[in-house]
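In what follows, chains carry the letters A, B, and so on, assigned in the order in which the sequence lines appear, proteins first and then strands, with residues in each chain numbered from 1.
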Number of protein chains: 4
Amino acid sequence: MDHLPAELLSGYRNFMGGRYATETTRYRELARKGQQPQTMVIACCDSRAAPETIFDAGPGELFVVRNVANLVPPYEPDDRHHSTSAALEFAVQSLKVKNIVVLGHGRCGGIRAALDPSAEPLSPGDFIGKWMSLVSPAAETVTGNKMMTVGERQTSLERISIRYSIANLRTFPCVKILEGKGRLSLHGAWFDISTGELWIMNRETGDFERPEID
Amino acid sequence: MDHLPAELLSGYRNFMGGRYATETTRYRELARKGQQPQTMVIACCDSRAAPETIFDAGPGELFVVRNVANLVPPYEPDDRHHSTSAALEFAVQSLKVKNIVVLGHGRCGGIRAALDPSAEPLSPGDFIGKWMSLVSPAAETVTGNKMMTVGERQTSLERISIRYSIANLRTFPCVKILEGKGRLSLHGAWFDISTGELWIMNRETGDFERPEID
Amino acid sequence: MDHLPAELLSGYRNFMGGRYATETTRYRELARKGQQPQTMVIACCDSRAAPETIFDAGPGELFVVRNVANLVPPYEPDDRHHSTSAALEFAVQSLKVKNIVVLGHGRCGGIRAALDPSAEPLSPGDFIGKWMSLVSPAAETVTGNKMMTVGERQTSLERISIRYSIANLRTFPCVKILEGKGRLSLHGAWFDISTGELWIMNRETGDFERPEID
Amino acid sequence: MDHLPAELLSGYRNFMGGRYATETTRYRELARKGQQPQTMVIACCDSRAAPETIFDAGPGELFVVRNVANLVPPYEPDDRHHSTSAALEFAVQSLKVKNIVVLGHGRCGGIRAALDPSAEPLSPGDFIGKWMSLVSPAAETVTGNKMMTVGERQTSLERISIRYSIANLRTFPCVKILEGKGRLSLHGAWFDISTGELWIMNRETGDFERPEID
């Protein structure tokens, strides 16, 4: 019986012989002092869109939440458990991060599902359907546009959704207050998983643009 | 105005000049064919515990959910939105992963909060409190044990919680069925963020053990 | 009195000393034999989007129509004069071109006007307003989408409009017939006037994509 | 399937490696600031008569309309769409160009058609016939002159037509007013596609003359 998939164990050995070996001191110090990441990233579960890879980030740098389609639900202070809200509260109030980045990407399976709400649920629980209904208001503005291609609606909703999640971040009082005081900045970015291009949200216009790469 | 924190932009440039440059063909193919990760990892948001780093994984390999304390809630097919359940449904039913790994780690801030439920909430919404209450049954067995040190209670609950989350995985019918048919394996692992050691859950006994390192 | 703006006269001298000098034989032959361009391009009047520049084309290669927003009106065989239709008829029936390319571009002033139909007319004749009303059906699907940024609506309509013009090309019987016989191909392209990138319309999906640039 | 004719794609690559590479800053600035061409050119679609080539013009310099035989229709403020009038309105009222140049050329196919109105229409729509009827009053004065050769009638009508189009420019109130105030100049030129010679219209006499070449 394999207690861990073989490729993970072999990858772990590479890590120990490679990265951990060169950064041992750093790991020990991070353990001793605690993590002090400056930035929280909300990214998608997609295997092609890992923030640590895209931003070449090392241990201690990024506090990362990953859910389907990198969504941020609106502030709902009820008695239910809210995964992304808990992570947000922890990052902002306890770790006191300075930046939150909502990182979306191309060809997102969750967004594809949101554009096709009549499709058969993946299971009787229809968790994806209910999760993606968080962006229904946004999806509806795009789904009806038959003059756009399927691909254009996909990219459009991926980017609208990032802005929508950033707006939801601001429904959290702690976020709104700290942003107003200049102690927290909200950012958006969209990663093209094919070309590797990173499109960064212009914080004034909301447009996604590429930084001048020299 | 910085549209993206400077260190992320500079990390991204390293990625483009480094990893993306050497793996361009792979990225393009993954975009074209779609992702086909064999393994889903449920990990913590902690900046020191990124699965891609620990398992030296490249694009296309791991479908990753990250939430506070790498918890899996029990199956609740109601009309609410459930982030981790949605990711699980997508991974199992759509991507048809073969393995799920619950990856915990040492010095977990979420577990620390679960061991101190009387502490002041981080915000009026108390999202961390409600989220970590998912492991209350497990936390209660440990919190009262004054003969264990704080550190021992911490490590103990981190590992109990991994087994508890694996048990919650099995409350999802699709997981239970596929595991029964031998098409899905559930695994646990605990990463020591100081020493870099990976302790793997023995699937028969539940104990966490280190693989023989050559 | 300048009979020609000075910069044009000086540019013309550069042409005579440069390009014409090296291609004299070609010019003379083209005059003698007549033009036989294989491709007709419908492009915008915009000073930043000249097809000869973008495609590095020399004399005799491209038969070019340029109007505001590179529109092709639908087939209207009435007794009025139709500039673009006349050029199309000439290219297809007399020159027998093999390809027609509708070339759009970013930041198109005509498309911007189409997205703001309530703006004050530029003159009492409101020629731009009436010309751009050719794409009203397309503009309406985009104008109402408040979740898209101004920039996103602009790019979206620029591309929808190219597809719309290609559809209008097919309302001309001579075009439809020749395309059906495999003797005429219709293409679309969108030029990013800032980055110089050329996005080519995928003739199957309608999506605009960049060719792999080595 | 070729999504774009191969020679255009290869010409585009030359452009990117050549002109765009050396003028990148200029393209980016033109995108950012908008186009501010000082001159509008009305030229023919003919593949041998591109204004950018003849005037060695770069991006941002010339706002160019191209139609068959470089005609300017008279001012007709009805409810129809008028391509050349729309471009004129945009250039004069929005871009506020200082010069308009009507650029004709030798061996013009449209003019040839105008000299032979009894020829079979190119298609049932007879768009060329109706378009070229815009110069019927001018054509009639020449067609009947049997003492001129075919070639002389051709060159004669090409030049008469340029003056006729300039007169039509003045039927547009905005053109007339701005010309009267000295803020807009109208010019004519005729390009010999064989010798490369540019004949410039003397604005006092209407004669076409060659500038002194040093």
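In this structure, the side chains of A:Phe127 and A:Leu122 stay at 4.5 Å or more apart for every pair of heavy atoms. Within the 4.5 Å cutoff, the side chain of A:Arg32 has no heavy atoms near those of the A:Tyr27 side chain. The shortest side-chain heavy-atom distance between A:Arg203 and A:His187 falls under the 4.5 Å cut-off. Looking at heavy atoms from C-beta onward, A:Gln35 lies in side-chain contact with A:Leu95 at the 4.5 angstrom threshold. No side-chain heavy atom of A:Met132 sits less than 4.5 Å from a side-chain heavy atom of B:Phe90. Two residues are said to be in side-chain contact when any heavy atoms from C-beta on lie closer than 4.5 Å; B:Thr149 and B:Glu152 meet this criterion.
Of the listed residues (A:Val68, A:Asn14, A:Leu62), the one with the most heavy-atom contacts under 4.5 Å to chain B is A:Leu62. Chain A forms more heavy-atom pairs under 4.5 Å with one residue of B:Gln93, B:Lys130, B:His3 than with any other, namely B:His3. Among B:Val92, B:Leu88, B:Leu4, B:Thr39, the residue making the largest number of heavy-atom pairs under 4.5 Å with chain A is B:Leu4. Counting heavy-atom pairs under 4.5 Å between each of A:Met201, A:Glu197, A:His82, A:Arg48 and chain B puts A:Arg48 at the top. With chain B as partner, the option from A:Thr24, A:Asn67, A:Asp126, A:Leu9 having the largest number of non-hydrogen pairs under 4.5 angstrom is A:Asp126. Taking chain A as the reference chain and counting heavy-atom pairs below 4.5 Å, the highest number among B:Cys44, B:Gly188, B:Pro173, B:Ser194 is found for B:Ser194. Most heavy-atom pairs under 4.5 Å with chain B: of the set A:Ser123, A:Pro37, A:Ala69, this distinction falls to A:Ser123. The choice from A:Gly18, A:Ser10, A:Pro5 that makes the most heavy-atom pairs within less than 4.5 Å of chain B is A:Pro5. Contact tally against chain B (heavy-atom pairs below 4.5 Å) for A:Pro77, A:Cys45, A:Pro59, A:Gly125: the top residue is A:Cys45.
The parts of A:Phe63 that come within reach of chain B are both its backbone and its side chain, each placing non-hydrogen atoms under 4.5 angstrom from that chain. There is no contact between A:Ser185 and chain B, counting heavy-atom distances below 4.5 Å. Heavy-atom distances place the side chain of A:Ile200, and not its backbone, under 4.5 Å from chain B. With a threshold of 4.5 angstrom between heavy atoms, A:Arg26 does not approach chain B through any atom at all. Interface residue A:Asp78: backbone and side-chain heavy atoms are both found under 4.5 Å from chain B. Contact annotation for A:Glu209: neither backbone nor side-chain heavy atoms come within less than 4.5 Å of a heavy atom of chain B. In this structure, the portion of A:Leu134 lying under 4.5 Å from any heavy atom of chain B is its side chain and not its backbone. Both the backbone and the side chain of B:Thr195 come within contact range of chain A, judged by heavy atoms closer than 4.5 Å. Looking at A:Arg19, only its side chain comes within 4.5 Å of chain B, counting heavy atoms on both sides. Contact of B:Tyr20 with chain A is made through the side chain alone, with heavy-atom distances under 4.5 Å. Looking at A:Pro73, only its side chain comes within 4.5 Å of chain B, counting heavy atoms on both sides. Contact of B:Thr84 with chain A is made through the side chain alone, with heavy-atom distances under 4.5 Å. Both the backbone and the side chain of A:Asp46 come within contact range of chain B, each with at least one heavy atom under 4.5 Å from a heavy atom of that chain. For B:Glu29, no part lies near chain A; criterion is any non-hydrogen pair under 4.5 Å. Looking at B:Ser85, both its backbone and its side chain come within 4.5 Å of chain A, counting heavy atoms on both sides.
For the pair B:Lys181 (side chain) and B:Leu178 (backbone), a donor-acceptor distance under 3.5 Å is absent. Panel note: side chain B:Arg66, backbone B:Ile42; no donor-acceptor pair is recorded below 3.5 Å. Here the side chain of A:Ser165 pairs no donor or acceptor atom with the backbone of A:Leu71 at under 3.5 angstrom. Looking only at distances, no side-chain donor or acceptor of A:Glu179 sits under 3.5 Å from a matching main-chain atom of A:Lys176.
Between B:Val72 and B:Asn168, the shortest heavy-atom contact is O-ND2, 2.7 Å. Of all heavy-atom pairs spanning A:Ile162 and A:Ala189, the tightest one is CD1-O, 3.3 Å. The minimum heavy-atom distance linking B:Ser133 with B:Pro137 is given by the pair O-CD, 4.2 Å.
At a heavy-atom separation below 4.5 angstrom, chain A is approached by B:Glu52, B:Thr53, B:Ile54, B:Phe55, B:Asp56, B:Gly58 within residues 51-58 of chain B. Along residues 100-114 of chain A, the residues that come nearer than 4.5 angstrom to chain B, judged on non-hydrogen atoms, are A:Val101, A:Arg107, A:Gly109 in order of number.
The structure places CZ of B:Arg28 at 8.5 Å from OG1 of B:Thr25, a figure rounded to the nearest 0.5 Å. For the atom pair CG (B:Leu198) and CZ (A:Arg13), the distance works out to 10.0 Å, reported to the nearest 0.5 Å. Taken to the nearest 0.5 Å, the CD atom of B:Glu158 stands 4.5 Å off from the CD atom of B:Gln154. To the nearest 0.5 angstrom, A:Trp199 atom CH2 is 7.0 Å from A:Trp190 atom CH2. If you take CE on B:Met40 and CG on B:Leu184, they are separated by 10.0 Å, rounding to the nearest 0.5 Å.
Geometrically, B:Arg80 does not engage A:Trp131 in a cation-pi contact, judged by NZ or CZ lying under 6.0 Å from the ring centre and within 45° of the ring axis.
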| side chain to side chain contact (heavy atoms under 4.5 Å, CB included) between B:Glu61 and B:Gln36, worked out | CA-CA 7 Å; B:Glu61 294 180 25; B:Gln36 291 162 317; over 6 Å; no

| task | Dump the intermediate steps for side chain to side chain contact (heavy atoms under 4.5 Å, CB included) on A:Ile128 and B:Glu89, then the final yes or no. | result | CA-CA 7 Å; A:Ile128 281 280; B:Glu89 181 188 75; 3.3 Å; yes

